[in-house]
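Note sheet for the following structure.
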2 protein chains.
Amino acid sequence: MSRPTLADVAARAGVAISTASRALHRPGRIRAETAARVRAAADELGYVPSAAARQLHRSSAGAVALVVPDLTNPFFMALVRGSTRLLRAHDVVQVVADVEEEPESEEQTLAALAGRVDGMLLAASRLDAATLSTWSRRVPLVAVNHDAGDPEVPTVTIGTQGVEEAVEHLAGLGHRHLAYASGPATSWADARRRTAVVETCARLGVRLTDLGHHPPRRDAGAAAADAVLRSGATAVLTFNDLQAFGVLDRLASRGVQVPEDVSVIGHDDIFGADLTSPALTTVTVPAEELGARAAARLLGAVGLATAAPSAPPAATGPASTGPDRLATHLTVRGSTAPV
Amino acid sequence: MSRPTLADVAARAGVAISTASRALHRPGRIRAETAARVRAAADELGYVPSAAARQLHRSSAGAVALVVPDLTNPFFMALVRGSTRLLRAHDVVQVVADVEEEPESEEQTLAALAGRVDGMLLAASRLDAATLSTWSRRVPLVAVNHDAGDPEVPTVTIGTQGVEEAVEHLAGLGHRHLAYASGPATSWADARRRTAVVETCARLGVRLTDLGHHPPRRDAGAAAADAVLRSGATAVLTFNDLQAFGVLDRLASRGVQVPEDVSVIGHDDIFGADLTSPALTTVTVPAEELGARAAARLLGAVGLATAAPSAPPAATGPASTGPDRLATHLTVRGSTAPV
DNA sequence: GTGAAAGCGCTAACAG
DNA sequence: CTGTTAGCGCTTTCAC
């Protein structure tokens, strides 16, 4: 037998479907005894209301999706945590989907999820600006750390203060030749970050070697490390901490001392950044706040923010206000030193 | 205006609503020209089919949910990755939800998601056996690493080989007094793991101090570390690696040498375990396989496994066969040494 | 307080 | 090939 429906419950309780519906979701409008009978019937049957059927009537699904490129990257875990908190406080269900860094997979996921949620949070989307704009017309979405340049697409990003500080920090330490390991070619954040590094280096009169694109994974750090050594740079900035970990791994296995021989600076300040030896100097990103801010913006856009929060929203800050660009800053640990 | 419906698309394309439906989802049964016209209309309108409405007809939602206690624990990231892969290969959408280690939050999530998916994977549930059984009657679910003892609840767990090896390893190193830091009181896995430690210690004639329950987080490791020192044990096993990291942190700040003064063994072999210094000796768990196995079982249970995989399933192993208890093993790194 | 009936957006028989 | 017509499970007027 298939899953029981409201009709089954009503029959078992000896009432009309509408009565059963009210008894279950509209407390007070039904005689206590009747309501109890209905609830009992529902319980015995193991009845679970079909969200699909309800959604057909309500204007909203009461759920939003968060799409991330790689759930195994600790950076996104923190982001998820931030949006989860905010969303839960507003009684909206959050579902997260991992698209494994693949643009096609990302679009498939969008297509699959768009129809079942009220809106979506797209974290570090690997889609191009045009595709993003198109989807934005189909379903309410807010882009996190990816500015499509389309004013119609709500966006919340992070600033480049952190990477500028990083370059300045290195320059201050006496480094005259830096290297930057880029992330995915499809990453908006990487383009932005690279530009910041280039400009800051130019401003400071520091030489910069572009190491080219590398997957945002730990294992990609090896190639980056080799490239750094080849370049002759005395310090390297990586697109993210995962790559930095990999650089550290490789440098260690090649007998290169960090920070004595080469300084390393990552980005994100993910879980584990303080675990390495030396501990990683990196750019700290308010990932959790980023997630919360994005979620708040989405709620505002889809008109769900008005729902009485089940918990004081104070903890998560104003619902849909605040800057849409969060500041980052350098966190100095052991992986950097004077030349 | 609200989101466009199929009726809007049909009107715009000048066809019947059913024709529009077929044009969009049943390629071939419609004249190419007509189909193109419909697709164009859909595109212009930014039409997105309502998953809710479709689900009302199809028997399945084409989606399953994965519920985890803490997405910020790297262990679960790996598990997520495993189920994601398997599920994607079968064209079923996976949504993951984080319940932040709170049983109430877990039940709320179950209630919210049960009606919109075909089944759920409950990872390391913090619910008690009875509650789990009850939910299992309402919605197809498979429990991961939590055996409710109810044969009706499909379960996939991990064995205790790893922790036994850990105790044997320590005993072989000459340790005569161990300590075990438990995880959450509501964790089935912890109870199981603790029993294994107790029994192995008894078998080997090694003294054991039970440090009591500690949250499965890094910050909880401090208290555990202090307790170890107080106990006089020369080695400590923790419920998970997060706690082990915390123990390492605390020990270091108290000037206690690892592994010279006290040996530390964690559990899970999560991201970062090889990053610490000394690198963490820990029990390796096939998390990704665990996720895949659980997903496969769920697909089998809800009859979705038959869907022609869009990718060869070979990579993920047999769909719904294989043991429901996966083996673990000790991975020795630097945090253990002879007394 | 409770029942009857009309859809929500879509798919799936049935006709044409 | 394409249009008509029932519902899917549920909420919601509108009567009683």
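Here is the naming used below: chain letters follow the sequence lines, and residue numbers restart at 1 for every chain. Just the heavy atoms: all of them, side chains too, but no hydrogens, waters or symmetry mates, feed the values below.
Without hydrogens or angle criteria, T131(A) side chain to L127(A) main chain gives no donor-acceptor distance under 3.5 Å.
The CD atom of Q55(A) sits 11 Å away from the P atom of dG9(C) (whole-angstrom rounding). Nucleotide dC10(D) holds its P atom 15 Å from the CZ atom of R22(A), rounded to whole Å. For the pair R54(A) CZ and dG9(D) C1', the interatomic distance rounds to 11 Å; values are reported in whole Å. Rounding to whole angstrom units, CG of residue L45(B) and P of dG9(C) are separated by 13 Å. The distance from atom CG of L24(A) to atom P of dG1(C) is 18 Å, rounded to the nearest whole Å. Rounded to whole angstrom, the span from the CG atom of L56(B) across to the P atom of dC10(C) amounts to 11 Å. Rounded to an integer number of Å, the gap from CZ of R58(B) to C1' of dG9(D) is 17 Å. Rounded to an integer number of Å, the gap from CZ of R3(B) to P of dG9(C) is 11 Å.
Between dT2(C) and T34(A), a contact under 4.0 Å exists linking OP1 or OP2 to a side-chain N or O. Under 4.0 angstrom from either OP1 or OP2 of dT12(D) there lies at least one side-chain N or O belonging to R26(A).
Contact check on D98(A) versus R81(B) returns a salt bridge, with a Lys/Arg side-chain nitrogen under 4.0 Å from an Asp/Glu carboxylate oxygen. With respect to R126(A) and E102(A), no salt bridge is recorded, no charged nitrogen being found less than 4.0 Å from a carboxylate O. Using a cutoff of 4.0 Å between basic side-chain nitrogens and carboxylate oxygens, R137(A) and E152(A) are not scored as salt-bridged.
Along DNA chain D, the nucleotide nearest to A53(B) and the one nearest to R31(B) differ in position, and the one closer to the 5' end is contacted by R31(B).
Side-chain proximity of T19(B) to dG3(D), dT11(D), dC10(C): nearest is dG3(D). Comparing dC10(D), dG9(C), dA4(C) against the side chain of S50(B) picks out dG9(C) as the nearest.
No hydrogens or angles were tested; on distance alone, a donor-acceptor pair under 3.5 Å links the side chain of S18(A) to the base of dA4(C).
In this structure, OG1 in T186(B) is found 7.0 Å from CD in E101(B), a value given to the nearest 0.5 Å.
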